[in-house]
Amino acid sequence: MCGIIGVTGASEPLRIILEGLEMLEYRGYDSAGFALVRIDGSGLWRERAAVRAQSLPELHKVATPPPGAALGAGIGHTRWATHGAPTEPNAHPHLDCGDRVAVVHNGIIENHRELASELEERGHSRSSETDTEVIAHLVEEQLADGASLDEAVRFLLGRLRGDFALALVEAKDPDTIIGTRRTSPLIAGRSDGVGLLASDISAVLGTTRELYAIEDDQVVVVRPGSITAYDRDGTEVALRPLEVSWEVQAARADGFDDFMSKEIHEQPRALADTLLGRFRSDGAIDFEELSLGPHELRRIDRVVLLGCGTSYHAGLVGRSALEAWAKLPASAEIASEFRYREPVIDDRTLVIATSQSGETVDTFHALREAKRRGAMTLVVTNVVDSLMAREADGVLYTRAGPEVGVASTKCHVAQIALLQLFALDLASLRGTLADADVSRLSGEIAHLPEAVSAAVGRFAEYELVAERLAGVNDVYFLGRGTGLPIALEGALKLKELAYVRAEAYPAGEMKHGPISLIVPGTVAVVVATRGPLYEKIHANVAEVRARGASVLAVCDEEDSTTPDLVDDVLRIPSVPEVLTPVVGVVPLQALAYAAARARGNDVDRPRNLAKVVTVE
Ligand code: M6R
């Protein structure tokens, strides 16, 4: 969480920082701030604002440079609070005792308490409750001992525990920004005498497309038009260029009320781009970028799918496809739990991490743990060269374009389609499905963008049904088999956006306890897919209705039975049952979107959340 930007050599550094922060706001919006070095040597100019979800507009109000101040290098930050409440004193940048050094940070310094008490004993006084501030004071001591800023930052690498990306400036040097990272993301860029640092490419795409990766524990010295990277020993190392395929426009709301509605409407395109070039003319599936070859894939005897939140739900769909088509034992696991178990995996286990951002720390560490235990690893992610993409043995990219809304939508449908296609490819490789079945299913997957387009076309219709949720504070989402991951995703969306208690349950489990919570007026959203459990889900609908629940059902447009059994329907285009998750989530996204807007909630900046979760 948290976004970092740094710029040097620009004629309008403040503008670049503020524009960059707009693009990084999705990473956290509890507070925002910047610090710039005054060229006349009179020190740092720092401003901060902490107004939940309004920090950037507030920061703009105070971003008027002091009269006559020419500004050099600067750093900016948008925060998702971990240590210390979202207040102005806790907002970044943080300064040392003498206001000589400013630092912005993304991540967590795990040993900050120990470092803070050391620093206190040595006479430093703190002005925030954050873990970050210790960095400014540690650097202050190094500078006082004669180190340069980059040497001081190299020293930090031996003292800090945890995950972090840092950018620092020093009052006496208006040209230089120093950056470093461990696990948390940071990239560098340059163009026409300008040097940049940022948490992600969208923040600097307006200024340059010449971007470079920074590896763990490297220290980069960014000066106007130049970037030099050093390893922990101070030896200069080569920079690795990054390929940039996204356009700056793709990360803007473009006439939609918000990013979420833009991204919901982009789903057909996101899916089409994800599937583009994946089918050969002979009907075979083509994963050109996959570095795991047929020999390695044939060795697999088990698959574990890791993910968090929405990406975990995609993993559940992937699990069913792997079992049904590739006949492989498969399990889907919540990454934050998996890492701390004693998972039984070996070199014949394929571990697939699914992550929109490729950065979620829970998933990243679970993936790393799987690798440490000898598993073969694969990542399904939307972000090229992201942490997980670099860590895994193989990577498959969803090509959904930047997803900015905190609620994952277009990336989710792309993840599901890609996981299903991969399962199909494995089935073909293992000979567990006849060629004719592989071609038929591939053809059906290839048509998903049209079905999703038809579902998105019903958005206004779905929003009308959402009116039934007005004033409702508890909703059950029920599904079975193929419908369960859809129900889970619908409940997550309603919780995170509308702040409504929403519980997703396997419909068949209700009678084992939760049905006691159903009382007259309870709302249940039931996903009725027309597969082997169709009649059983109807029985479950009857059970909750008999106890007074009103039922909204997701069902396909050729389903003539379900509408008679429920109070209202969210119709989806008919697709083969096994592919329903891609289409079935669309009305539930709309339901959550409309319920959130009806309650006056900010759908792009939901309470307490951030798009990228880089803390455990
Ligand atoms: O970037 P990731 O896919 O790893 O993110 C995982 C979750 O944090 C994410 O899916 C979260 O649940 C979304 N906000 C859901 O809409």
Side-chain angles (χ1 to χ4, degrees), residues 1 3 26-29 80 183-185 199-200 202 258-261 263-264 267 270 274 305-318 332-339 352-368 379-384 386-389 391-392 395-398 400-416 418-419 477 485-486 488-500 502 504 585-586 588-593 595-596 601-616:
M1 352 269 274
Y26 73 93
R27 303 179 70 93
Y29 31 81
W80 185 85
T183 312
S184 303
S199 297
D200 73 43
S202 61
D258 39 64
F259 278 107
M260 185 176 175
S261 55
E263 288 159 5
I264 286 175
Q267 292 183 108
T274 298
L305 296 111
L306 302 173
C308 295
T310 290
S311 294
Y312 164 67
H313 300 155
L316 288 170
V317 181
E333 309 272 357
I334 291 174
S336 55
E337 289 293 316
F338 175 85
R339 177 187 172 191
I352 306 178
T354 304
S355 171
Q356 177 282 130
S357 59
E359 244 185 80
T360 302
V361 123
D362 290 317
T363 313
F364 173 74
H365 284 301
L367 174 74
R368 196 169 248 189
V379 162
V380 172
T381 183
N382 197 45
V383 181
V384 173
S386 52
L387 272 188
M388 289 184 225
E391 182 78 13
V395 57
L396 288 176
Y397 287 113
T398 50
E403 190 180 71
V404 178
V406 165
S408 187
T409 52
K410 60 176 181 172
C411 285
H412 181 58
V413 295
Q415 287 170 342
I416 297 175
L418 204 50
L419 284 169
F477 283 76
I486 306 173
L488 285 160
E489 179 59 10
L492 176 60
K493 286 285 170 283
L494 195 65
K495 280 185 262 212
E496 75 175 326
L497 298 171
Y499 316 148
V500 167
V585 291
V586 178
L588 301 185
Q589 295 166 349
L591 211 59
Y593 177 84
N601 299 352
D602 181 339
V603 289
D604 284 340
R605 299 175 198 81
R607 190 167 71 194
N608 303 337
L609 292 174
K611 177 77 180 159
V612 186
V613 184
T614 55
V615 295
E616 277 195 72

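These values consider heavy atoms only, across backbone and side chains, with no hydrogens, waters or symmetry-generated copies. Atoms within a ligand are numbered from 1 in the order they appear, just like the ligands themselves.
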So, do [X] and [Y] sit near enough that their side-chain heavy atoms are less than 4.5 Å apart?
X: L588; Y: E489; value: no
X: L609; Y: Y26; value: no
X: T183; Y: L387; value: yes
X: Y312; Y: L492; value: no
X: T381; Y: M388; value: no

> Which parts of the protein, at residue level, reach under 4.0 Å of ligand 1 through a heavy atom?
Replying inline: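 Lining ligand 1 at under 4.0 Å, by heavy atoms, one finds C308, G309, T310, S311, S355, Q356, S357, T360, V406, A407, S408, L492, K493, E496, V613.
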> Between K611 (side chain) and R605 (backbone), is there a donor-acceptor pair under 3.5 Å?
Replying inline: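 No, because the side chain of K611 does not come within donor-acceptor range (under 3.5 Å) of the backbone of R605.
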